[in-house]
Amino acid sequence: MKNLTQQQKKFVSEYIKTLDGELSAKKAGYKAKDLKETASMLLSRADVIKEINVQLKNQLCSLRVNKGYVIQKLLQIAEFSLEEEDILDKEGGYTGKKKLRDTSAGLKALESLCKYLGFNVHREDEEEYKQAKIITISNLDDRKI
């Protein structure tokens with residue numbers, strides 16, 4: 001495969017930002033009457049697709065967010081949101097009652113944490129809960145005992 005031209009590289013960069021082929025072709029400087037067709041032609045080329053994948057991979061690698069950091073922040077959000085705080089009356093006096101700061105934010109953080117840690121993954125090797133059958137003396141069959 002041959003190397004991409006500067007204009008094609010500009011198209012790839014713009015396409016990654018916008019995911020709009022026509023707009024990307026325009027920003028890359030293509031002057032064709034039908035920019036949509038130009039974008040379609042570019043996106044059908046294997047070398048352009050390869051460059052898109054390379055640039056996307058480079059962007060993902062450059063983020064380098066530590067897993068421990070994400071877990072720590074989710075825990076902080078959950079703990080802060082689920083702490084109790086005093087309920088104040090209209091004058092700002094204490095009512096003696098308490099409420100959770102923000103239950104929806106706390107539960108969302110806990111849900112995200114569970115997903116991140118893989119707690120919601122259903123494993124095939126785990127047995128599913130089976131409802132127990134209650135047997136009493138009245139429905140025992142003497143022939144089966």
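Just so it is clear, the model here is predicted, and its values are computed rather than measured. Computation of the quantities below employed the complete heavy-atom set of this structure, encompassing side-chain atoms and omitting hydrogens, waters and symmetry-equivalent molecules.
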NZ/NE/NH1/NH2 to OD/OE distance under 4.0 Å, Glu111 and Lys115: yes

Shortest non-hydrogen contact between Ala105 and Ser81, atoms and distance: CB-OG, 3.7 Å

Closest heavy-atom pair and its distance - Gly106, Ala78: O-CB, 4.0 Å

pair Leu82-Arg101: side-chain heavy atoms closer than 4.5 Å: no

In one Ile/Leu/Val/Met/Phe/Trp/Tyr side-chain cluster, 4.5 Å: Leu43, Leu56: yes

Taking every non-hydrogen atom, the tightest pair across Arg45 and Asp47: NH2-OD2, 2.6 Å

Lys10 vs Glu14 side-chain heavy atoms within contact, under 4.5 Å: yes

Value rounded to 0.5 Å, distance of OH in Tyr15 from CG in Asp20: 8.5 Å

Same apolar cluster: Phe11 and Leu4, side chain cutoff 4.5 Å: yes

Interatomic distance, Asp102 atom CG to Leu107 atom CG [nearest 0.5 angstrom]: 9.0 Å

Same apolar cluster (I L V M F W Y, side chains within < 4.5 Å links), Val70/Leu75: yes

Shared hydrophobic cluster, Ile49 / Tyr30 (ILVMFWY, side-chain heavy atoms < 4.5 Å): yes

Main-chain N/O of Ile87 paired to Thr95 side chain as donor or acceptor, under 3.5 Å: yes

Backbone of Gly29 reached by a side-chain donor or acceptor of Gln7 within 3.5 Å: yes

Shared hydrophobic cluster for Tyr69 and Leu74 (ILVMFWY, side-chain gaps under 4.5 Å): yes

Atom pair NZ/CD of Lys99 and Glu83 - distance to nearest 0.5 Å: 13.5 Å

Ion pair check, Glu22 and Lys36, cut-off under 4.0 Å: no

Atom CZ of Phe80: over 12 foreign heavy atoms under 6.0 Å: no

Results of side-chain contact (heavy atoms from CB on, under 4.5 Å) for Gln55 - residues two or more places apart only: Val12, Ser13, Ile16, Glu51

Stepwise side chain to side chain contact (heavy atoms under 4.5 Å, CB included) check, Leu100 with Glu84: CA-CA 4 Å; Leu100 297 177; Glu84 289 185 341; 3.9 Å; yes

